[in-house]
Amino acid sequence: MSILFLFGSLQALLLLIGVNIRNPFKGSKKQIISLQLFFTLSAMSYYVAVTLNWKELHDYVWILGNVSWMALLPCFYLLVKVLSEPQFIFKKIYLSYFFASFLVLIEGALIVLFDINIYRELYLTANYLNVWMFIFFFNSLFFSLKAAFFLRNQKKGSIRNSLIIVNSGFMLVLTVYGIIYLSLRENYALWFELTLICILTLLIYGFVFKIFLLAPWHKVLLEPKYQNLSTKGKTPNMLGLSIEKEVSENKLFLNPDLDLKELSNKTGIGLNRLSQYFNETLDSSFYEFINDKRLEYVEHLIDNESFKDYTIIGLALESGFKSKSTFYKAFKNKHNLTPSAYIKLKSKKNQA
């Protein structure tokens, strides 16, 4: 069993490297996927220590392992959101999703620092019911159901279908194991926990492999996702000129509802070839490219005297941004300043 968890830890590490081999941790998608893989790696490492009975290592990884275990499904729900919402923005409220992990962290800190074990009393009071296991099932099923309701209202597509399959797998496994656990209670053994974490981990790994093809060796094992850009008569430079003409010269970016499908219709370039151009040639996503164009237009408006009476939100809407939060995040990522601070700095430079 220890070999299995050691292999699982190595796999999580390789996937984490594969995800971030280019532009490490750039963009919400990579960040959330990396967080999911980090939690999986931590849980796997904890069970390596448990199965090998490494007591000296167990003390160091126990807290992180249990915290990560509790965070697997809340993080998966965030992964569902970031893959379904092109302009996903991480909000502070999302930190509350990891409340159960925070409770485990507090318990671990009390035991390690002050030798106070609240769990022991809870365990006896609840008639041999492992309280943290119960919280894990409840917390995980809650976020799995939350993901299911969220996906039901999303547009149909291959990613949505795959997310539904994986999430349904989570729900089935958690439900079956929850029923078995409530039947076992005081007869609960370590094998139960080990098999449960193995199955949940396989679902996570399978999803990363199948949908995103992010492992470092995916180009060797699997067929290329796209054809060569130049095989149909247009080189990357020619594609870039076509896209630039529509987006910049015709100011297509001012349309707040612009998406890849509309750009495809305007340029006559297929969706797959457009995706390949942004991902491989520009090393950027479609929305990052469009938001860069919008930011350039915002800077143009700030320099234009006729727009000096516009509010910051007015400038954002005039430039094609659909929401205040998206505009502020994109602007701060580019300039490392808020829009108001940027305007003040520009004003000082102009007066100097």
Side-chain angles (χ1 to χ4, degrees), residues 4-5 7-8 11-12 14-16 18-19 27-41 43-44 68-88 94 97-98 136-181 192-219 221-226 259-261 271-272 275 279 285:
L4 183 63
F5 284 107
F7 177 78
Q11 185 64 78
L14 288 173
L15 284 169
L16 193 57
V19 170
S28 298
K29 185 188 292 185
K30 278 191 178 183
Q31 290 165 5
I32 298 297
I33 295 172
S34 299
L35 191 63
Q36 179 85 74
L37 289 171
F38 171 75
F39 286 142
T40 310
L41 172 61
M44 289 284 101
S68 298
W69 201 42
M70 285 287 184
L72 287 178
L73 268 295
C75 193
F76 179 75
Y77 173 65
L78 287 180
L79 187 55
V80 168
K81 286 184 70 67
V82 75
L83 295 174
S84 303
E85 299 176 346
Q87 297 189 10
F88 172 87
Y94 294 153
Y97 295 171
F98 300 97
F136 167 76
F137 281 119
F138 177 80
N139 184 62
S140 298
L141 271 175
F142 172 78
F143 283 102
S144 193
L145 284 168
K146 197 173 173 68
F149 283 115
F150 177 82
L151 288 167
R152 190 174 65 176
N153 298 319
Q154 300 304 305
K155 292 181 181 179
K156 292 182 179 179
S158 58
I159 290 182
R160 174 183 177 270
N161 294 339
S162 298
L163 282 166
I164 289 174
I165 292 170
V166 174
N167 190 56
S168 299
F170 282 134
M171 292 176 67
L172 177 63
V173 171
L174 289 167
T175 302
V176 171
Y177 269 74
I179 293 170
I180 294 173
Y181 174 73
F192 177 88
E193 193 172 316
L194 296 180
T195 54
L196 174 59
I197 193 67
C198 278
I199 294 174
L200 294 180
T201 301
L202 283 173
L203 285 169
I204 292 169
Y205 288 167
F207 179 71
V208 174
F209 267 120
K210 184 178 179 181
I211 306 304
F212 298 98
L213 311 180
L214 291 173
W217 53 84
H218 80 267
K219 290 183 179 178
L221 297 178
L222 301 166
E223 293 180 3
K225 188 175 179 181
Y226 304 106
D259 57 17
L260 201 61
K261 186 176 180 180
L271 286 172
N272 281 347
S275 295
N279 293 333
S285 73

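The chain is numbered in sequence order, starting from 1. From a predicted model like this one, the values you see are computed outputs, not experimental measurements.
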Take L72 and I197 through the side chain to side chain contact (heavy atoms under 4.5 Å, CB included) test and state the conclusion after the steps. CA-CA 10 Å; L72 287 178; I197 193 67; 3.7 Å; yes
Is a side-chain donor-acceptor pair under 3.5 Å present for Y177 with T195? yes
Contact between T40 and Y205 at the side-chain level, heavy atoms closer than 4.5 Å - yes or no? yes
Roughly how far, to the nearest 0.5 Å, is OG1 of T175 from CZ of F137? 9.5 Å
Please test L174 against L73 for side chain to side chain contact (heavy atoms under 4.5 Å, CB included), starting from the C-alpha separation and ending with a verdict. CA-CA 11 Å; L174 289 167; L73 268 295; 4.3 Å; yes
To the nearest 0.5 Å, how far apart are CD1 in I33 and CG in L78? 12.0 Å
With side chains defined as the heavy atoms from C-beta onward, is the minimum distance between Y181 and L196 less than 4.5 Å? no
Side-chain heavy-atom pair L37, L41 within 4.5 angstrom cut-off: no
With sequence neighbours left out, the residues meeting side-chain hydrogen bond (donor to acceptor under 3.5 Å, both in side chains) with S34 are N20
Let me confirm one number: the CG-CD distance from L15 to Q36, rounded to the nearest 0.5 Å. 11.5 Å
Give a yes or no answer on whether the side chain of N167 reaches the backbone of S144 with a donor-acceptor pair at less than 3.5 Å. yes
Identify the heavy atoms of S68 and A43 that sit nearest to each other, and give their distance. CB-N, 4.1 Å
Can you label the angle between the F143 ring and the Y77 ring as parallel, tilted or perpendicular, going by 30° and 60°? tilted
In Å and rounded to the nearest 0.5 Å, what is the CZ to NZ distance from F150 to K81? 4.5 Å
Excluding sequence neighbours, so at least two apart, what forms side-chain hydrogen bond (donor to acceptor under 3.5 Å, both in side chains) with Y97? none
For the pair F76 and F170, name the ring-plane relationship: parallel under 30°, tilted 30 to 60°, perpendicular over 60°. perpendicular
Any side-chain heavy atom of Y94 sitting closer than 4.5 Å to one from P74? no
Find the distance between CE (M70) and CG (N139) and round it off to the nearest 0.5 Å. 7.0 Å
I need the R160 CZ to L163 CG distance, nearest 0.5 Å. 9.5 Å
Restricting to side-chain hydrogen bond (donor to acceptor under 3.5 Å, both in side chains), what partner residues turn up for S140, sequence neighbours left out? none
